[in-house]
Participant: 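My questions all concern the structure below.
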Amino acid sequence: MEAQSQSLDRISGLPEDTVEKILSHMPIRDAVRTSILSRKWRYSWTNMPRLVFDNELIDALSDLEEEIDKYKFVRVIFHIMLLHKGPISELCFRFADTNIISEIIDEIDQIILHLSWSKNIKKFTFDVNHINDYYKLPRSFFSLQGLEHLSLKLCKIDLPLVFNGIRMLKSLAFDGVEITAKMLCRFLTSCPLLEEFTLIRYNPIELTECEFVELFNCLPSVQVLEISQLDIKDMTAGGMPHKLPISLPHLRILVLDVCCLELSYALSVINSSPNLEKIKIEMCWEDDGMCRKQSFNNLLNNKDYTCLNLDHLKQLEIISFRDHGLWMEFVKLIMAKSPVLKKIRIELCTSVSVEEEVKMLRDFLYSPLPRASPTCSGNLAVGYHGDIPHKLPVSLPYLRILVLGVVFFELWSVLCVISSSPNLEKIKIKICWGHDQVHRKQSFKNLVDNKDYTCLNLDHLKELEITSFRDHALWMEFVKLIMAKSPVLKKTRIELCTSVSVEEQVKMLQDFLYSPLPRASPTGKFIMERPKK
C-alpha cells in the first residue's frame with residue numbers, strides 16, 4: 001500500500017528548485033498550506049523565490065472572518081517574511097480597491113527596509129489602487145541595487161540627494177507615478193542598461209522641448225518604448241526639430257499616446273529610430289478645434305523627411321483615427337518609407353461616421369500613394385474558368401482602345417482578348433448582372449498568381465474604366481490583375497451599380513486598401529464613385 005502511494009506521489013520526487021518554481025506560481029496562501037502535506041513539504045514554501053501579496057490573500061482571510069483588521073493582515077505578512085529563509089528574487093504587492101491597504105503603508109515601508117540589504121531581488125512590482133494618496137517610496141527602496149525589472153503604479157518618487165542609480169535595471173514601468181521631469185531624467189540617466197521603458201500618466205507631465213530631447217538622451221539603449229500624456233510646451237520659435245540630436249538605433253517598438261497637435265514630436269522620434277519594427281499611436285482629440293485650424297504641407301515632399309528610411313518597419317497601428325489632413329499625410333509618409341511593411345491597422349474614433357470613413361478610404365485610394373511595400377496585408381483566392389483559352393490564337397498588336405458590354409460571367413472572354421492585345425491604351429467595360437444568382441455560386445482563384453497570366457504585360461495601358469461594378473470577388477481580382485500588370489496606368493475609374501449600398505462600397509474600398517495590391521504603377525489615380533443621378 002505504501003509503495004502504491006509513493007508511486008502516485010510523483011510531485012514529491014521532483015527536484016527542489018522545480019518544486020519551488022511551482023509553489024511560486026500558486027497563491028501564497030495555498031503555497032504555505034502545502035506544509036501540512038508531509039515532512040518533506042513542511043518547509044518547501046520557505047525557499048520559493050517569488051512572493052506575491054495580493055487580493056487573493058485578503059480574500060482567503062475574509063473567508064475565515066467576516067471582517068479582518070490590519071493587525072491580523074500585517075501579522076500574516078510578517079509571519080511569512082519571518083519564516084521565509086531562501087533568497088527572494090521577485091517581490092510583488094498587488095491590491096485593488098480595498099480599505100485595509102491604506103492602513104498598512106507604514107508596514108510595507110518596513111518590509112522594503114528589511115529587504116533593502118538584499119542583492120537577490122531582481123523584480124519588484126507595486127500595483128496598489130485606491131489608497132488615500134500616492135505611495136511615497138521610502139529611501140531604503142533605492143538601496144535595491146540588484147533590481148533588473150521594476151514596475152510601479154500610483155507611487156511618488158523623490159530621489160535622495162545621494163543616488164547612485166539602479167545600474168542593473170533592464171525594464172522600467174511607471175504607471176501614474178508622480179515624478180518631475182528633472183527627476184525623471186536623473187533616474188533614467190542612472191540606468192545605463194535600460195531596454196524597456198513605459199511611462200503612463202493620468203495627469204500630463206509638462207516638458208519643455210529641451211526636456212523632451214533630454215528625455216531621449218537618457219535612453220540610448222532602449223528597445224521598447226511606451227509613452228503617454230506628455231504635455232510639451234513649445235518654447236522655441238522654430239518648433240520641434242524634425243530629428244532628435246541623438247540616434248536611437250536599438251529602438252524596435254514605439255508606442256505613443258499623442259494629441260493631434262503633437263505629430264512633429266512623434267515624427268522626430270520616428271526619424272531618429274532607423275530600426276523600428278512596430279509603431280503604435282493612440283490619438284487624443286482634446287484640442288479638436290485647434291487641430292482643424294492647423295495648416296500642413298505634403299509630408300512626402302517635405303525635405304526634412306527625404307532621408308527617412310524605415311527599412312525594418314513591419315507594423316503600423318493607429319487608434320482613435322479621424323479625418324485630419326496632417327495625420328492622413330503621416331500614414332502615407334510611413335507607407336512610402338517602409339519597404340517591408342506587412343500590416344497597417346487603423347481603428348477609427350467612435351465619433352467617425354460611415355460617410356467620413358468612406359471619404360478617408362477614398363482619399364487613401366484615389367490620391368497617388370507610392371507604397372514602398374505594395375503587398376502589405378492578406379490575400380484573396382479566386383478562380384479560373386477552364387473552358388475558354390486564356391489567349392486568342394491570333395495577336396491584336398494594333399488594338400489601342402477596347403470597349404465591351406459583358407455579362408459578369410464573361411470575364412474569361414474579356415481576359416482572352418486583353419491577353420492578346422499587348423498595346424492597349426484604354427479599357428472600358430460595362431457589366432450586366434442579369435444572372436445574379438448564378439454569379440454568387442461561381443468559383444474562382446487568385447488571378448494575380450494565376451500561371452496563365454504570368455506573361456500578361458499591359459505596358460501601354462493608361463486608363464481602365466468599369467461601370468455598373470459590384471462586390472464580386474472575381475471582378476475585384478480582375479481589377480487587381482490589371483493594376484498589377486500596367487506600369488504606366490494613370491487612372492482607374494470604377495462606377496458602382498445603383499443597387500450597391502454604402503456599406504458594400506465601404507467593404508470594397510477596404511478590400512482594395514487592405515489586401516495586397518501590387519500596383520505596377522503605384523502613383524496612378526484610383527476612383528470609385530456612385531452613379532450620378
Side-chain angles (χ1 to χ4, degrees), residues 14-28 31-32 43-54 56-57 77-78 80-95 107-128 135-155 157 159-160 162-177 179 184 186-200 218-226 250 252-253:
L14 293 173
E16 286 188 15
D17 60 335
T18 302
V19 172
E20 291 166 7
K21 288 179 180 178
I22 293 173
L23 292 173
S24 293
H25 288 85
M26 295 171 62
I28 198 164
V32 173
Y43 297 108
S44 293
W45 72 269
T46 64
N47 289 311
M48 61 184 190
R50 182 173 179 262
L51 294 181
V52 178
F53 299 103
D54 56 14
E56 290 193 10
L57 180 59
I77 293 178
F78 275 110
I80 292 171
M81 298 296 298
L82 181 65
L83 293 180
H84 194 281
K85 57 186 179 181
I88 300 172
S89 63
E90 180 179 348
L91 180 63
C92 175
F93 295 96
R94 186 179 288 117
F95 299 102
E107 283 72 16
I108 292 178
D109 287 354
Q110 294 300 315
I111 294 173
I112 293 175
L113 175 62
H114 171 69
L115 296 173
S116 61
W117 56 269
S118 174
K119 294 183 179 180
N120 295 312
I121 298 180
K122 305 297 182 184
K123 184 174 182 178
F124 181 87
T125 301
F126 186 89
D127 182 355
V128 178
Y135 171 63
K136 185 178 180 180
L137 288 175
R139 291 183 180 272
S140 58
F141 169 81
F142 300 103
S143 299
L144 294 171
Q145 293 295 304
L147 280 178
E148 295 180 4
H149 307 278
L150 174 61
S151 178
L152 301 176
K153 184 174 183 178
L154 297 177
C155 293
I157 294 180
L159 295 179
V162 179
F163 176 59
N164 297 321
I166 307 177
R167 310 198 72 80
M168 302 300 294
L169 200 63
K170 294 181 180 179
S171 70
L172 173 65
F174 284 168
D175 187 349
V177 171
I179 187 171
L184 175 62
R186 184 182 166 202
F187 190 103
L188 294 175
T189 302
S190 67
C191 306
L193 301 181
L194 196 63
E195 297 175 352
E196 299 182 17
F197 178 49
T198 299
L199 178 63
I200 299 173
C218 302
L219 298 166
S221 303
V222 69
Q223 297 180 21
V224 180
L225 180 62
E226 179 177 356
H250 305 288
R252 297 182 295 104
I253 299 175

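This is a predicted model, so every value here is computed, not measured. Worth knowing before you read on, the calculation uses all heavy atoms, side chains too, and leaves out hydrogens, waters and symmetry mates.
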Participant: Quick check for you: to the nearest 0.5 Å, what is the distance between Lys123 atom NZ and Leu150 atom CG?
Facilitator: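 Here the interatomic distance stands at 11.0 Å.
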
Participant: Which heavy atom in Leu152 sits nearest to a heavy atom in Leu137, and how many Å separate them?
Facilitator: CD1-CD1, 3.6 Å

Participant: Testing the basics here: between Asn120 and Pro87, what is the closest heavy-atom pair and its distance to 0.1 Å?
Facilitator: ND2-CB, 3.7 Å

Participant: Can you see which heavy atom on Val128 is nearest to which on Leu154, and at what distance?
Facilitator: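 Scanning both residues completely, I find the closest heavy atoms to be O-CD1, 3.4 Å.
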
Participant: After noting the C-alpha distance and the side-chain angles of Phe78 and Ile111, does the key distance pass the side chain to side chain contact (heavy atoms under 4.5 Å, CB included) rule?
Facilitator: CA-CA 8 Å; Phe78 275 110; Ile111 294 173; 4.2 Å; yes

Participant: When rounded to the nearest 0.5 angstrom, what is the spacing between NZ in Lys170 and CD in Gln223?
Facilitator: 10.0 Å

Participant: Considering the options Ile108, Ile112, Leu113, which one meets the side chain to side chain contact (heavy atoms under 4.5 Å, CB included) requirement together with Gln110?
Facilitator: Leu113

Participant: Are Leu91 and Phe53 side-chain neighbours, meaning at least one heavy-atom pair lies under 4.5 Å?
Facilitator: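 Of all side-chain heavy-atom pairs linking Phe53 with Leu91, at least one is under 4.5 Å.
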
Participant: Does the side chain of His250 come under 3.5 Å of the side chain of Ser221 through a donor N or O and an acceptor N or O?
Facilitator: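 No, no side-chain donor-acceptor contact under 3.5 Å.
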
Participant: Between Leu144 and Ile166, is there a side-chain heavy-atom distance shorter than 4.5 Å?
Facilitator: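 A side-chain contact is absent here, since even the closest heavy-atom pair is not under 4.5 Å.
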
Participant: If I take atom CD1 from residue Ile157 and atom CZ from residue Arg186, how far apart are they, to the nearest 0.5 angstrom?
Facilitator: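 Ile157 CD1 to Arg186 CZ: 11.5 Å, rounded to 0.5 Å.
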
Participant: Would you mind reporting whether Phe141 and Asp109 have side-chain heavy atoms less than 4.5 Å apart?
Facilitator: no

Participant: Looking only at heavy atoms, which two atoms of Ser171 and His149 are closest? And how far apart?
Facilitator: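 Residues Ser171 and His149, closest heavy atoms: OG-ND1, 2.7 Å.
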
Participant: Using the six-membered ring wherever Trp is involved, compare the ring planes of Phe163 and Phe142 and label them parallel, tilted or perpendicular (cut-offs 30° and 60°).
Facilitator: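 Rings of Phe163 and Phe142: perpendicular, as their planes differ by over 60°.
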
Participant: Using every non-hydrogen atom in the two residues, find where Asp127 and Lys153 come nearest and quote the distance to one decimal.
Facilitator: OD1-CD, 3.0 Å

Participant: With side-chain hydrogen bond (donor to acceptor under 3.5 Å, both in side chains) as the rule and sequence neighbours excluded, what pairs involving residues 136-146 come up?
Facilitator: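 Qualifying pairs: none.
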
Participant: Classify the angle between the aromatic ring planes of Phe93 and Phe95 as parallel (below 30°), tilted (30 to 60°) or perpendicular (above 60°).
Facilitator: tilted

Participant: CD/Glu90 to CG/Leu147 distance, rounded to the nearest 0.5 angstrom?
Facilitator: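 Glu90 CD to Leu147 CG: 11.0 Å, rounded to 0.5 Å.
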
Participant: Which atom names give the shortest non-hydrogen contact between Val52 and Arg94, and what distance separates them?
Facilitator: CG1-NH1, 4.4 Å

Participant: Quick one: CD on Glu226 to CD on Glu196, what's the gap to the nearest 0.5 Å?
Facilitator: 10.5 Å

Participant: Check for me whether the distance between the ring centres of Phe174 and Phe187 falls short of 6.0 Å.
Facilitator: yes

Participant: Could you check whether any side-chain heavy atom of Val224 comes within less than 4.5 Å of a side-chain heavy atom of Arg252, counting everything from C-beta outward?
Facilitator: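 A side-chain contact under 4.5 Å exists here.
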
Participant: Look up atom CG in Leu115 and atom CD1 in Ile88, then write down how far apart they are to the nearest 0.5 Å.
Facilitator: 5.0 Å

Participant: The test is side chain to side chain contact (heavy atoms under 4.5 Å, CB included); show your working for Leu184 and Leu199 and say whether it passes.
Facilitator: CA-CA 10 Å; Leu184 175 62; Leu199 178 63; 3.9 Å; yes

Participant: What residues, two or more places apart in sequence or in another chain, satisfy side-chain hydrogen bond (donor to acceptor under 3.5 Å, both in side chains) together with Ser151?
Facilitator: none

Participant: Which residues pass the side-chain hydrogen bond (donor to acceptor under 3.5 Å, both in side chains) test with Asp175, sequence neighbours left out?
Facilitator: Tyr202

